[in-house]
Number of protein chains: 2
Amino acid sequence: MDDQAWYKNSFDGCPLTFALNLIGGKWRLPIIWALNKNRTMRYNELKRSIDGITNMMLTQSLKELELYGIIRREQFPEVPPRVEYSLTEHGEELMAALKALAGWGKKMKTVVIQNNIELEPAAGIPDSSDS
Amino acid sequence: MDDQAWYKNSFDGCPLTFALNLIGGKWRLPIIWALNKNRTMRYNELKRSIDGITNMMLTQSLKELELYGIIRREQFPEVPPRVEYSLTEHGEELMAALKALAGWGKKMKTVVIQNNIELEPAAGIPDSSDS
DNA sequence: CAGAATCCGCGACGATACTG
DNA sequence: CAGTATCGTCGCGGATTCTG
């Protein structure tokens with residue numbers, strides 16, 4: 001990197017953007033969500049539970065979330081390796097904030113669909129197939 | 001699109017992912033944030049206030065946010081065109097949810113930086129500046 | 001003043017191996 | 001079982017130019 005790590009000055013002080021950077025990416029939320037439901041999960045258990053994720057993305061996302069202090073990784077030195085993941089306290093606190101946002105999203109889904117019906121011709125989502 | 005619009009089945013029912021899709025993208029939050037502070041702003045006022053945004057991205061983001069019902073657009077039929085933007089009630093409600101997330105982010109900034117200091121060599125942010 | 005249209009780079013992500 | 005490594009794709013967003 002030619003400058004500092006992104007999180008040291010991401011939006012230079014906007015904690016919201018910082019938070020969204022932490023939970024951004026395609027797979028972090030699914031992981032967090034799964035760990036919130038099942039409390040603690042092994043690697044392949046997560047992989048099976050999250051549809052479509054590859055080893056690479058799962059590993060990478062888990063490492064990042066652990067680095068951020070959102071999830072906890074416990075490795076057991078056994079012959080067939082066993083690694084368990086769970087949410088940290090910060091992860092649990094995150095869930096609370098996310099639920100508020102989810103509540104808003106639930107309401108908005110209706111609104112957006114209706115707005116789209118009214119304004120649809122101007123939407124930036126072009127249709128390129130006739131099927 | 002070859003299938004339905006993304007928001008009609010984004011995560012097929014996860015309102016959280018839906019919400020994040022609404023406020024995702026690079027400029028939507030800065031726009032929302034600016035409108036929340038100044039209540040109502042004109043186009044070029046927004047453009048000046050949001051550092052680095054181009055006409056294209058501003059126009060596009062404004063249209064999307066309006067389509068989603070998060071912001072309101074008022075056009076005045078005057079000789080020098082005048083357009084004013086402001087948050088809708090849904091936009092205001094969003095701000096509330098975002099503030100909780102921002103609070104979490106504020107706490108996490110400290111945590112992440114400290115974790116990084118300890119775990120830094122394993123971070124996924126490679127240094128390739130001299131290669 | 002308030003946009004619209006086009007081209008393009010880059011980084012996130014996917015696919016596909018290989019390993020202790 | 002729990003990862004790593006490498007390569008290729010794809011689309012968001014940046015830069016630039018044009019218009020009512």
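Quick note on labels: first sequence line is chain A, next is B, and so on, each numbered from 1.
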Test item: [X] and [Y] side chains (from C-beta on) under 4.5 Å apart, heavy atoms:
| X | Y | answer |
| --- | --- | --- |
| B:I32 | B:M95 | yes |
| A:L65 | A:I31 | yes |
| B:L46 | B:L62 | yes |

Using a cut-off of strictly less than 4.0 Å, decide whether [X] has a side-chain nitrogen or oxygen near OP1 or OP2 of [N].
| X | N | value |
| --- | --- | --- |
| A:W27 | C:dA12 | no |
| A:R48 | D:dA2 | no |
| A:K26 | C:dG14 | yes |
| A:N55 | D:dG3 | no |
| B:R42 | C:dA2 | yes |
| B:K63 | C:dA4 | yes |

In whole angstroms, how far is the [atom2] atom of [N] from the [atom1] atom of [X]?
| X | N | atom1 | atom2 | value |
| --- | --- | --- | --- | --- |
| A:D51 | C:dC13 | CG | P | 17 Å |
| A:R73 | D:dG3 | CZ | C1' | 9 Å |
| A:I71 | D:dA2 | CD1 | P | 14 Å |
| B:I53 | C:dG3 | CD1 | P | 12 Å |
| B:E45 | C:dA2 | CD | P | 9 Å |
| A:E78 | D:dC1 | CD | P | 13 Å |
| B:E64 | C:dA4 | CD | P | 12 Å |
| B:E84 | C:dC1 | CD | P | 14 Å |

Tell me which nucleotide among [options] gets nearest to the side chain of [X].
| X | options | result |
| --- | --- | --- |
| B:M57 | C:dA2, D:dA2, D:dG14 | D:dG14 |
| B:T59 | C:dA4, D:dG3, D:dG13 | C:dA4 |
| A:M56 | D:dT6, D:dA15, C:dA2 | D:dT6 |
| B:P81 | D:dA2, C:dA15, D:dG20 | D:dG20 |
| A:Y43 | D:dG3, D:dG14, C:dG20 | D:dG3 |

(message) Any carboxylate oxygen within less than 4.0 angstrom of a Lys/Arg side-chain nitrogen, looking at B:R39 and B:E92?
(response) yes
(request) Using a strict 4.0 Å threshold on nitrogen-to-oxygen distance, state whether B:R72 and B:E89 make a salt bridge. (result) yes
(request) Give A:F76 one of three labels, base, sugar-phosphate or nothing, depending on what nucleic acid heavy atoms sit under 4.0 Å from its own. (result) nothing
(message) For a quick check of understanding: with a heavy-atom distance under 4.0 Å over all strands, which category does B:P80 fall into, base, sugar-phosphate or nothing?
(response) nothing
(message) Closest-nucleotide mapping onto DNA chain C: is B:R82 or A:G25 further toward the 5' terminus? I mean the 5' end.
(response) B:R82
(message) If you assign A:Q75 and B:G52 each to the DNA chain D nucleotide with the nearest heavy atom, which residue ends up on the more 5' nucleotide?
(response) A:Q75
(message) Is there a salt bridge (charged side-chain N to carboxylate O under 4.0 Å, His left out) between A:E84 and A:R82? Walk through the geometry before answering.
(response) CA-CA 7 Å; A:E84 289 188 350; A:R82 180 165 129 252; 3.5 Å; yes
